[in-house]
Each structure stands twice: as structure tokens, then as C-alpha cells.
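In what follows, a structure is listed as C-alpha cells, so that the remarks can point back to it.
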Amino acid sequence: GAIGSAEQMHEIISCAKSRSSDKAALFDNQTVGDVFEAYQQRLVKYASMDSVDSLLHVCWLLQESPETLKKLRDRFQHVLADEFQDINPVQYEMLSALAGRNTGLFVAGDPGQAVFESHGSSPRFFDQVLADFGEAETIDLKRSYRSTPEINAGAAESAGTAPIVSDRSSGLQLRHLVVENPVREGMAIAREIRRVVGGVSESGTPITLGDIGVVFRTEGQADMIERCLEQDGIPVHVTGQTAFLDTSASRHCLNFFRFVSGPTAMGLAGVLNSGCFGKGVYLTEEIDYRFVLTDIQSAVAEVPALQKAFDTFAMAALTESARAILEMWIDRTGVEGDFDKLLGIADLSTDFEDFLYRSTGVPGQIVERRGPTLRTGEAVSLTTIHASKGREFPVVFVCGVEEGLIPMEREDANIEEERRLLYVAMTRAKDELILSSVRSRSANGVSLHPQPSRFLDDLTDTIVTHERLAATSKKKDQLTLF
């Protein structure tokens, strides 16, 4: 039967390849297996590999070439794996092969922060490494130097674990704000930001915009929060939002830029099939194959509009800033679309190649961009929970702490991983932590009335205060923002 869109199929294939290096056991669905085989054959045809393949091919090499494995083991006597909670089965297999059961393996991580189950990560690998390397020594780090005791206790209560000891003195209680809708949520956050900026942190230093993090579960939450803060004159720096890279306008632009940076047959197919350089220029299998075997430059010359654009942008890439090149694309092609978010990436980029790297959007890459009103200076950080890992802020807002988001409402949701995800979000805070929930929210055109997250029920009253903000009229909300 039908599996879904091409994007969904690609996600299924990528996740499956992250879970096993066994080619024969990757898929139990014949349709997906057939698509996988065709996909892999196409990659070989274009002398390409995707981001997951880069690990799989290493695993296959180590399995099939004992000589290569021995050389690597002889060369690397010690193997260090940081962020071990994020490891997937393929990575663990590669790590185990390199370590070779010797005593030179060192892994560091927090099983309480394993939040990438969809790509195969799991706390079980902490038990697995102890089973596979029987003489391993475990060193428990039981003190926290980041967060106040209140934040540590609240995070532990939400996760259902014992709190670690804080090296900090007692601080502020956690706050939980219940507001009417996402607009009011964004406005409440803006108001709280105005309150804290200019104040003094626990360390005695002034709190600036760069000391504030706003954390949320889904990319879709980011747009409203960003609009509310920008409307209130608060500049933002957004991390973890990638959906805008999949719009046709962004795809056509980035495909062409990547082709300019490194011409390939696959890149040429994408550029010509975009229709940006003439209507009806579509590549057949026969032409594709010919382009692989012949000179790419000759193929480009067959399309004068493409040749002219290639020469122009290749020259600009050597001298112009990423923003200038992107603005030139927008001006000269007339392609319709919202390029503000791409421009936000360009503003962070040092040059054209850096822009291409930052806008790849491959699995595991953290995409960052500036908000439309920020060109330089400090800004409030807006980030998905997954992208917030490893970061910390004196003041943190965790948005959408409600049923349907945390925990996510879906059939395959792992409640324990959902708890760990909230734990990650809460422990980004050093001094002050504010959680928020809404009473009404729209999703895919459906009006929802979610309850605050069940995980909040585990927080004791000595840790958190609950504040129910008064509702306002829909008209007032619209006038405030628009």
C-alpha cells in the first residue's frame, strides 16, 4: 500500500539506516525495501552518498576488510565518544569495532538526555557498553554547577528521577504561566523579557538579550513567538528550524548555489528540473546517464540561460558576501517566495561556502539564522528542544508545556523519552525558569483545547508557582500584533 510522500519515505529510509548496518534486515516492508534499493542504486550512479551512508560505508568497510580494521586499531589506541546518549546502533557498531574490546575506550554522556529515539539513540547503550566491555569503570558525576537547586529539583521531578546535588545557592521558584493562546503566550514572553533585561543575574552581571533562551518542541511554534518578540522590538536568533529549507523557493535557490560550488550530474538534474532556466527542460534517464559520462560543462553550455547564470554567480561567490549573492538571486530570477529566513542564515555566514554549509539541513545539523530585524548585536535565542542540547542560559522559557506537545500526541510516542525531553529543556536554565501552556491552539486547521502537560503534575508546590493569566478578546490580540 501507499507509504506517504517522498519526504516521508526518505525519513523512513534514513531512520532505518541509522538503526542497522545489516543490508538484508533494514526493512520489513517490501515497498520500502524496493524504494531503498532504487534509491541506493541512484546514489551509486551519481557517485554520491547521503549523510547516513557516510557511517554505513565505514561500518561495511570494517566488516569486510579485516586488514583495514587492524590498521585503524593499531593507529588509535584510545577512542573517546562524547555525548554518548545520542549514539545510534550504526555508530555503536563502528565504535565497538574500532575499540576492539580493549581498555582504551572512554565514553561520556547522560542517559537522562537520550532524546533521539527516532534515529536509534537509547539509554540502553549505557548498559550495552558495560556488557560488551566487562572491565569498564563507571564514574558518576553527581554535582551540578549550572542550575539552581530549584531548577534541578523541578527537572528531576518532571523526569521521575532523583535530583543531582546543585553546587549553587538557593534561587527563584519555577513559574508556570497558563495563557489563552499562542499569541498571548508570545506576548507574555515578550513582557517577561522586558522585565528581566537590565536586571542582575545570580553571578552579579547584568542580564542582556543574549542571556535569554526560549525553548519549544516543534518548529511550528517558532513563527508565532518570533513575530510577537519582533513586534515588541526584541531581536531574535533562531536555531533548529529547518522546514523553510524545504519550500520550493529555497530548494531551487540552494540547489543552484550548490551546483555553482561543485558541479555534479545530480546537481545539474535538480537545477534544470526546477524550471528556473527555461520551461520544459527535464532530464530523461538517457540524458542523465550521458551527463554522468561526459563533461558537465558541456551539458551546462547546452542551456544558455544556465551558462550565463553559472558564470555570473561563480564570479560573485569569490568576492561578494552571502547576503549580497542571495539578494542578487532574488533580484535576477524573480522567483517568488519568502527568503527572509534564508537571508537570516546569510547574515551569520562568513562567505558563500559557509552559507551553503549552514543551510544544508541534513539530519543532525543544527540550522541557525538571525531574525529579520537583527543584523548585528545580541538577541534572544529561539530554539527547538533538540537543538538546545549543550546550551545554557541564565533565563529560559519553555513554551507549549501541554498535552499534545510535551508529551507529543502520536501513536509511537515514548512517554519516558518525552519526560527526558522536558528534562533537557528545563536544565538549559541556570537562574530562572518559566514554563508556559496555552488553553487553545490550532493544529492543521483543527481547534484544540489542550490541558497542561501531565509532567507538571509531578512538580511540588514548593518548586513551582502556577499563574493563570486572564483571557483577552480575540480582537485585542489581533490589534496588538497586526
- Query: Which of these passes side chain to side chain donor-acceptor pair (under 3.5 Å) with Asp347: Arg369, Arg370, Arg323?
  - Reply: Arg323
Can you tell me how far [atom2] of [Y] sits from [atom1] of [X], rounded to the nearest 0.5 angstrom?
{"X": "Phe355", "Y": "Ile325", "atom1": "CZ", "atom2": "CD1", "answer": "9.0 Å"}
{"X": "Leu98", "Y": "Leu62", "atom1": "CG", "atom2": "CG", "answer": "5.5 Å"}
{"X": "Thr460", "Y": "Glu157", "atom1": "OG1", "atom2": "CD", "answer": "4.0 Å"}
{"X": "Ser122", "Y": "Phe116", "atom1": "OG", "atom2": "CZ", "answer": "14.0 Å"}
{"X": "His237", "Y": "Leu348", "atom1": "NE2", "atom2": "CG", "answer": "5.0 Å"}
{"X": "His449", "Y": "Asn181", "atom1": "NE2", "atom2": "CG", "answer": "11.0 Å"}

- Item | Trace of the side-chain contact (heavy atoms from CB on, under 4.5 Å) decision for Arg358 with Val367 | CA-CA 6 Å; Arg358 288 174 177 272; Val367 176; over 6 Å; no
Do [X] and [Y] make a side-chain contact, defined as non-hydrogen atoms from C-beta onward lying under 4.5 Å apart?
{"X": "Ile385", "Y": "Ile406", "result": "yes"}
{"X": "Val214", "Y": "Val380", "result": "yes"}
{"X": "Ser170", "Y": "Thr148", "result": "no"}
{"X": "Leu382", "Y": "Val215", "result": "no"}
{"X": "Leu95", "Y": "Ile87", "result": "yes"}
{"X": "Leu56", "Y": "Trp60", "result": "yes"}
{"X": "Arg217", "Y": "Val401", "result": "no"}
{"X": "Arg419", "Y": "Asp458", "result": "yes"}

[X] [atom1]: over 12 foreign heavy atoms closer than 6.0 Å:
{"X": "Arg143", "atom1": "CZ", "result": "yes"}
{"X": "Glu353", "atom1": "CD", "result": "yes"}
{"X": "Arg468", "atom1": "CZ", "result": "no"}

Looking only at heavy atoms, which two atoms of [X] and [Y] are closest? And how far apart?
{"X": "Glu417", "Y": "Glu117", "result": "OE2-N, 2.7 Å"}
{"X": "Ile415", "Y": "Pro407", "result": "CD1-CB, 4.0 Å"}
{"X": "Gly154", "Y": "Leu459", "result": "O-CD2, 3.1 Å"}
{"X": "Ser158", "Y": "Met426", "result": "OG-SD, 3.5 Å"}
{"X": "Phe125", "Y": "Gly120", "result": "CE1-O, 3.5 Å"}
{"X": "Ser147", "Y": "Thr427", "result": "OG-O, 4.0 Å"}

- Run the numbers on Arg441 and Glu180 for salt bridge (charged side-chain N to carboxylate O under 4.0 Å, His left out), then give the verdict. CA-CA 9 Å; Arg441 184 185 297 276; Glu180 182 65 22; over 6 Å; no
- Begin with the C-alpha distance, continue with both residues' side-chain angles, and end with the deciding distance and a verdict on side-chain contact (heavy atoms from CB on, under 4.5 Å) for Leu469 and Val178. CA-CA 6 Å; Leu469 304 189; Val178 182; over 6 Å; no
Donor-acceptor under 3.5 Å ([X] side chain, [Y] main chain):
{"X": "Gln77", "Y": "Arg73", "result": "yes"}
{"X": "His386", "Y": "Val115", "result": "yes"}
{"X": "Ser321", "Y": "Ala324", "result": "yes"}
{"X": "Ser261", "Y": "Phe257", "result": "no"}
{"X": "Asn88", "Y": "Val90", "result": "yes"}
{"X": "Gln173", "Y": "Thr462", "result": "yes"}
{"X": "Ser250", "Y": "Phe244", "result": "yes"}
{"X": "Asp232", "Y": "Cys228", "result": "no"}
{"X": "Asp211", "Y": "Thr208", "result": "yes"}
{"X": "Glu150", "Y": "Gly171", "result": "yes"}

Have [X] and [Y] got a donor and an acceptor in their side chains that come within less than 3.5 Å?
{"X": "Ser381", "Y": "Thr383", "result": "no"}
{"X": "Asn414", "Y": "Glu418", "result": "no"}
{"X": "Ser436", "Y": "His176", "result": "no"}
{"X": "Glu185", "Y": "Gln221", "result": "no"}

- Message: Please list all pairs meeting salt bridge (Lys or Arg N to Asp or Glu O under 4.0 Å) that have one or both residues in residues 82-92, counting only residues at least two apart or in different chains.
- Response: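 Applying salt bridge (Lys or Arg N to Asp or Glu O under 4.0 Å) to every pair that reaches into residues 82-92, excluding sequence neighbours, yields Asp86-Lys389.
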- Query: Between Thr218 and Met408, is a side-chain contact (heavy atoms from CB on, under 4.5 Å) present by the stated rule, with each step listed?
  - Reply: CA-CA 10 Å; Thr218 68; Met408 185 69 79; 3.8 Å; yes
- Message: Pair Phe397, Ile212 - check side-chain contact (heavy atoms from CB on, under 4.5 Å), show working.
- Response: CA-CA 8 Å; Phe397 299 85; Ile212 300 171; 3.8 Å; yes
- Message: Looking only at the aromatic ring of each residue, does the gap between the centers of Phe106 and His78 stay below 6.0 angstrom?
- Response: no
Please determine whether a side-chain nitrogen of the Lys or Arg among [X] and [Y] lies less than 4.0 Å from a carboxylate oxygen of the Asp or Glu.
{"X": "Glu192", "Y": "Arg175", "value": "yes"}
{"X": "Asp431", "Y": "Arg168", "value": "yes"}
{"X": "Asp223", "Y": "Arg227", "value": "no"}
{"X": "Glu402", "Y": "Arg454", "value": "no"}

- Query: Is there a salt bridge (charged side-chain N to carboxylate O under 4.0 Å, His left out) between Glu392 and Arg428 once you walk through the steps?
  - Reply: CA-CA 5 Å; Glu392 59 184 46; Arg428 300 311 93 200; over 6 Å; no
